[in-house]
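Taking it in order: structure first as structure tokens, then the write-up.
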Amino acid sequence: MKTFAHPNPPTGLDDLLTRTGSGDQQAFAHLYDRGAATVHGLVLRVLRDPEAAEEVTRAVWIRVWHRSGQYTPAQGSALAWVIALTQRTVVERLRSSPSDTALTRIDSASTGPAGAEPDPNAYLSIATRRRAVLLAYYQGCTSEQISTVLGVPHETVATMIHSGLMHLRAHLRMADYRGPDVSSLNTAIDADRW
């Protein structure tokens, strides 16, 4: 690949990713420097295994280098593009090694008493919908895995996630309407009320 010399290094992430797509190794180095901590933090948060997180983080940056030519700023921000690529890579990792999925960790961290029968109407509770959203978006679980963890029919998982996202959106709108003080939103999230 060609290396392009820039007298002034690009400053915006969109510009860095665009230049990386044209083979600019310096732009890639700047992009990596600015995004490495974010990517690694996201991967580590999901996998909770530092060694596996480093391996997946490396895979993400290799993919960024190879796929950056596909990025166009009109599709969205560079940060969103890199994070989406990160999430896909993490989900692929979780699906490829079922013995090391977040499912086991999440199930063992269940708030319900051990051996308790799941409530047939549990999928209606806000806390369960919140948990479904967290499992899907932060742990990378599939709908089958979420169904198993929460003890709800597989067919209701998508509805639960959608409903949970609508509750979250409503709280975010209220916080935006009220202004910069989002303490009520934080309280609602902490109290599982969204």
Side-chain angles (χ1 to χ4, degrees), residues 1-6 8-106 109 129-149 154 157-158 160-162 164-166 168-169 172 189:
M1 294 211 161
K2 299 178 186 176
T3 303
F4 301 96
H6 297 287
N8 297 322
T11 56
L13 292 177
D14 294 350
D15 188 37
L16 289 171
L17 188 55
T18 301
R19 290 181 187 213
T20 298
S22 63
D24 186 337
Q25 292 177 1
Q26 288 180 337
F28 179 69
H30 288 293
L31 181 65
Y32 176 83
D33 289 342
R34 293 188 50 193
T38 302
V39 168
H40 183 70
L42 178 63
V43 173
L44 185 60
R45 184 177 196 179
V46 174
L47 297 181
R48 297 183 186 171
D49 175 3
E51 190 173 309
E54 284 189 29
E55 179 184 325
V56 172
T57 299
R58 275 193 298 275
V60 168
W61 287 106
I62 290 170
R63 286 182 173 188
V64 167
W65 173 254
H66 289 291
R67 296 182 183 179
S68 57
Q70 299 170 359
Y71 169 74
T72 56
Q75 294 174 322
S77 73
L79 180 61
W81 188 87
V82 171
I83 287 177
L85 188 62
T86 301
Q87 289 174 331
R88 282 193 300 272
T89 306
V90 169
V91 169
E92 287 172 12
R93 167 62 184 255
L94 290 171
R95 288 180 179 165
S96 71
S97 55
S99 63
D100 186 34
T101 63
L103 182 62
T104 307
R105 291 190 305 273
I106 293 166
R129 289 182 287 200
R130 176 184 181 271
R131 198 156 172 230
V133 170
L134 294 174
L135 288 168
Y137 288 96
Y138 290 102
Q139 301 296 329
C141 293
T142 64
S143 59
E144 292 87 5
Q145 292 170 328
I146 295 169
S147 173
T148 302
V149 168
H154 171 69
V157 171
M160 290 170 50
I161 292 171
H162 177 74
L165 290 173
M166 294 301 104
L168 179 59
R169 180 181 293 165
L172 291 173
I189 290 172

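All residue numbers in this chain count up from 1 along the given sequence. Computed over heavy atoms, backbone and side chain alike; hydrogens, waters and symmetry mates excluded.
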Derivation and outcome, side chain to side chain contact (heavy atoms under 4.5 Å, CB included), residues V82 and Y71
CA-CA 10 Å; V82 171; Y71 169 74; over 6 Å; no
Could you walk me through whether Q139 and R45 pass the side chain to side chain contact (heavy atoms under 4.5 Å, CB included) check?
CA-CA 8 Å; Q139 301 296 329; R45 184 177 196 179; 5.9 Å; no
Check the pair W61, V64 against side chain to side chain contact (heavy atoms under 4.5 Å, CB included), reporting the backbone distance first and the verdict last.
CA-CA 5 Å; W61 287 106; V64 167; 4.0 Å; yes
Would R58 and E54 count as a side chain to side chain contact (heavy atoms under 4.5 Å, CB included) here? Give the steps.
CA-CA 6 Å; R58 275 193 298 275; E54 284 189 29; 4.1 Å; yes
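One distance of note links CG of L31 with OG of S68; it measures 8.5 Å at 0.5 Å rounding. Between L17 atom CG and H30 atom NE2 the span is 14.5 Å, to the nearest 0.5 Å. The line from CG of L44 to CD of E51 is 12.5 Å long, rounded to the nearest 0.5 Å. Here the straight-line distance linking atom OG1 of T38 with atom CD1 of I83 works out to 6.5 Å at 0.5 Å rounding.
Residues A59 and T89 approach most closely at CB-CG2, 4.3 Å, considering heavy atoms. Contact record, R63 with E92: NH2-OE1, 2.6 Å, taken as the closest heavy-atom pair. The nearest pair of heavy atoms linking T86 to V60 is OG1-CG1, 3.4 Å. Q87 approaches Y137 most closely through the heavy-atom pair NE2-O, 4.2 Å. Between G140 and Q145, the closest heavy-atom pair is O-OE1, 4.3 Å. Smallest separation of non-hydrogen atoms from A27 and T20: C-OG1, 3.6 Å.
Residues R19 and F28 form no side-chain contact, since every pair of their non-hydrogen atoms from C-beta on lies 4.5 Å or further apart. Residues M160 and R131 are not in side-chain contact: their nearest non-hydrogen atoms beyond the backbone lie 4.5 Å or more apart. Inter-residue side-chain proximity for L135 and I161 is flagged as unmet; no heavy-atom pair is nearer than 4.5 Å.
Applying the side chain to side chain donor-acceptor pair (under 3.5 Å) rule to S147 yields no partners; only residues at least two apart in sequence or on another chain are considered. Remark: E144 pairs with T142 by the side chain to side chain donor-acceptor pair (under 3.5 Å) rule, at least two apart or across chains. Judged as a side-chain contact (heavy atoms from CB on, under 4.5 Å), and not counting sequence neighbours, the contacts of S77 are D14, L79, A80.
Tested against R88 for a side-chain contact (heavy atoms from CB on, under 4.5 Å), the candidates V90, V91, L85 yield a single pass: L85.
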